[in-house]
Novice: 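The structure's right below; bear with me while I get my questions together.
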Amino acid sequence: MRWRRTLLILALLTPGLGVILLMIGSVFYVAVMQSFGYYNLVGEDSFSLEHWEKVLGSKQFSRSLSYSAYIAVVAAIGSVILAYPIAIWLRRPFRGSLAISAVLKAPLFVPGLVASFLFLNVIAFHGVVNQFLMWIGITDEPIRMQNDRGAWGVVFLQLWKNMPFALLLLTGAVQSISDEVLDAARDLGAGSFARFRKVIAPLTVQAMQAALIIIFIGAAGDFAFQVTAGPTNVQSMAQYMVFLKDSFGRWNQAAVVGVSLMILALFGSLILAFISSVVLKSGNKW
Amino acid sequence: MTALRSIDVSKVFEDGFTALADINLSVDPGEFVTLLGPSGCGKTTLLKIFAGFYAPTTGRVEQNGADVTSAPPEKRDTAMCFQSYALFPHLTVAENIEFGPKQNRVDRDERLDRLNELLRQVDLERHREKLPNKLSGGQQQRVALARALAMRPSVVLFDEPLSNLDAKLREQVRREIRGLQRKFGFTAIYVTHDQSEALAMSDRVVVMSGGKVEQIGAPEEVYQRPETAFVADFIGSANLLPFDRVDDHVVETPLGRLTVSNRPDPNARFICWRPEDAEFGVSEGGNIVTSDISERAYQGAYTDLHISVAGAPDQRLHWPGGASCVGQSATFRLPPERIRFVRGEIA
Ligand SMILES: Nc1ncnc2c1ncn2[C@@H]1O[C@H](COP(=O)(O)OP(=O)(O)O)[C@@H](O)[C@H]1O
Ligand SMILES: [Mg+2]
């Protein structure tokens with residue numbers, strides 16, 4: 001009887017879960033196989049480590065891997081750090097709080113590419129910022145701000161786009177903490193920072209980790225912000241992948257970068273989530 | 001010196017609602033004072049003003065003679081026991097209890113001493129590593145108590161700490177709280193809407209209604225000598241009747257002409273007597289009342305009788321015997337010294 005039940009459940013799950021697994025699995029499978037020399041558009045299929053060797057040996061790859069990792073870490077941690085105080089501030093409704101939280105979430109509705117075009121318009125040579133700086137006399141010539149080498153533009157865009165998402169997740173979690181629990185912490189001598197570190201953060205750690213993971217994955221794979229506003233001396237992983245495919249159709253090498261990006265997304269986000277919970281645990285001990 | 005004192009404290013919330021008006025209260029060190037009143041009368045608001053969560057709209061709060069009106073809760077020498085316990089759900093029993101001492105940088109040995117002593121006091125040694133959601137209501141209440149006491153506060157503020165416990169447990173925790181108070185010697189301000197709790201536990205009772213203090217006094221005092229109709233009615237059960245003054249010793253009431261030994265207060269609106277004040281089997285000496293019985297309810301130790309009175313609500317009295325011994329009417333005597341005069345309105 002038991003195996004028939006199991007079979008029935010599997011059969012019922014197949015239409016939904018099966019399709020999802022098939023789609024995820026097939027993409028992953030093709031990418032991995034391609035990186036090892038299969039699924040070639042032209043030429044013979046055969047197993048080879050040549051593509052991995054070439055890509056991993058290139059300086060450009062290691063630069064773009066660490067660059068994407070850096071952007072993803074800064075975007076994830078920065079968004080969460082910015083979102084927490086706002087979530088705590090909006091914890092209890094007050095006059096105008098609904099409007100404020102709606103405005104803060106607006107970036108969620110603006111596609112990334114549109115946002116970065118608007119951003120370029122603001123900081124370009126003829127953009128409002130330069131016009132303003134010249135008008136008040138801080139500078140005589142427009143300052144070059146776009147595609148800065150420090151990637152500040154990309155970081156700004158990442159935070160602008162992802163902070164609202166972190167806010168969305170954290171607001172719900174922060175609101176579920178009862179007033180009396182926070183009052184109790186205060187009564188026992190905890191100031192606002194101690195209340196955050198010892199009560200609010202540990203009680204919202206799951207939402208925080210979800211935000212970190214999802215933002216990390218999105219930012220690690222960024223293409224749009226990087227292409228429009230990013231530095232020109234380094235490529236993000238996604239950008240590098242497209243570059244490999246476009247120059248001489250190096251599909252297999254592009255696949256290597258793609259698989260590496262997936263590995264970065266998976267392990268990077270898990271490491272981030274792990275570190276955050278370790279940090280919080282140490283906070284409770286002393 | 002007073003341990004805690006409020007001077008002309010009032011509280012008007014942002015929405016314009018006046019929750020407290022002119023509260024003057026002085027609490028002595030080591031005293032156990034209860035704030036007693038119906039739900040919504042401002043007890044929690046006053047407690048939160050003492051704890052520092054609310055700033056009073058007008059007036060001052062003093063602790064040991066020092067003005068603490070604008071000190072935040074984390075800087076006050078008070079500890080609060082919340083109605084919902086408010087335990088930290090992510091911390092174990094021991095971590096909950098150590099939260100305050102850690103926050104106040106009490107050194108490790110001292111902290112562990114306090115923890116172990118308190119765990120023993122509230123009988124939670126076996127549960128020290130458990131999370132709060134693995135404990136029963138009574139155990140959670142005791143963790144909350146231990147957590148507050150671990151601060152060694154000079155004042156402990158209790159907000160209806162027993163209201164979520166069943167009757168039997170309530171009795172037990174009530175005794176534990178008094179025991180801990182005797183042991184640690186803290187000053188206690190205890191909020192409750194349960195008059196029997198207030199009478200049983202307190203050195204003094206502050207009876208509140210609609211944001212105002214009705215009467216402050218020892219339990220016997222507020223029970224035996226209520227000053228207002230509200231206090232008489234809220235604590236125990238009371239019979240209230242309008243009266244006309246005949247002279248200093250005689251009043252005219254719906255029960256007839258009664259002799260009184262207390263002088264009618266010129267502001268008094270009603271006379272008040274308690275169901276257990278009625279004396280049966282006496283037919284001499286004045287103040288004898290005979291009336292029809294409209295209802296009877298056997299209560300074990302006595303039978304609760306309702307008698308009908310023309311021009312007034314039914315009066316209640318306790319007949320010290322079984323229901324079957326009661327006829328159609330009751331004859332009893334009201335001793336003149338038991339008749340009190342009270343001010344105020346009948347709710
Ligand atoms: N933050 C607030 N804003 C407006 N009104 C409040 C607030 N807190 C309490 N009140 C009102 O003040 C009154 C007293 O409340 P509370 O002190 O909690 O009463 P109690 O503890 O005696 O039941 C209630 O009518 C309540 O609705
Ligand atoms: Mg209350």
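These values consider heavy atoms only, across backbone and side chains, with no hydrogens, waters or symmetry-generated copies. Reminder, nothing fancy here: chain letters follow the sequence lines and each chain counts from 1.
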Novice: Measure distances from A/Arg95 to the heavy atoms of chain B and classify the residue's part below 4.5 Å as side chain, backbone, both or neither.
Specialist: neither
Novice: Quick one: are the ring centres of A/Phe94 and A/Trp89 less than 6.0 Å apart?
Specialist: yes
Novice: Measure from the side-chain N and O atoms of B/Thr34 to the backbone N and O of B/Tyr190, and report whether any donor-acceptor pair falls under 3.5 Å.
Specialist: no
Novice: Tell me if a side-chain donor or acceptor on B/Arg114 pairs with a main-chain N or O of B/Asp109 at a distance below 3.5 Å.
Specialist: no
Novice: Looking at A/Leu182, A/Val181, A/Ile177, A/Val205, which has the largest count of heavy-atom pairs under 4.5 Å with chain B?
Specialist: A/Val181
Novice: In sequence, state the C-alpha distance, the side-chain angles, and the governing distance for B/Val68 and B/Glu62, and then conclude on side chain to side chain contact (heavy atoms under 4.5 Å, CB included).
Specialist: CA-CA 5 Å; B/Val68 294; B/Glu62 284 179 1; 5.9 Å; no
Novice: In plain terms, say whether A/Asp187 and B/Arg76 are close enough for a salt bridge, that is, a side-chain N and a carboxylate O under 4.0 Å apart.
Specialist: no
Novice: Between B/Arg147 and chain A, which part of the residue has a heavy atom less than 4.5 Å away: side chain, backbone, both or neither?
Specialist: both
Novice: Side chain from CB out, backbone as N, CA, C, O: work out which of these in B/Leu157 comes under 4.5 Å of a heavy atom of chain A, or both, or neither.
Specialist: neither
Novice: Below 4.5 Å from any heavy atom of chain A, which atoms of B/Met151 appear? Answer side chain, backbone, both or neither.
Specialist: side chain
Novice: I'd like to know which of B/Phe53, B/Phe99, B/Tyr85 tops the heavy-atom pair count under 4.5 Å against chain A.
Specialist: B/Phe53
Novice: Determine, for B/Lys183 against B/Glu176, whether the closest basic-nitrogen to carboxylate-oxygen distance falls under 4.0 angstrom.
Specialist: no
Novice: With a 4.5 angstrom heavy-atom cut-off, which part of B/Lys48 approaches chain A: side chain, backbone, both or neither?
Specialist: side chain
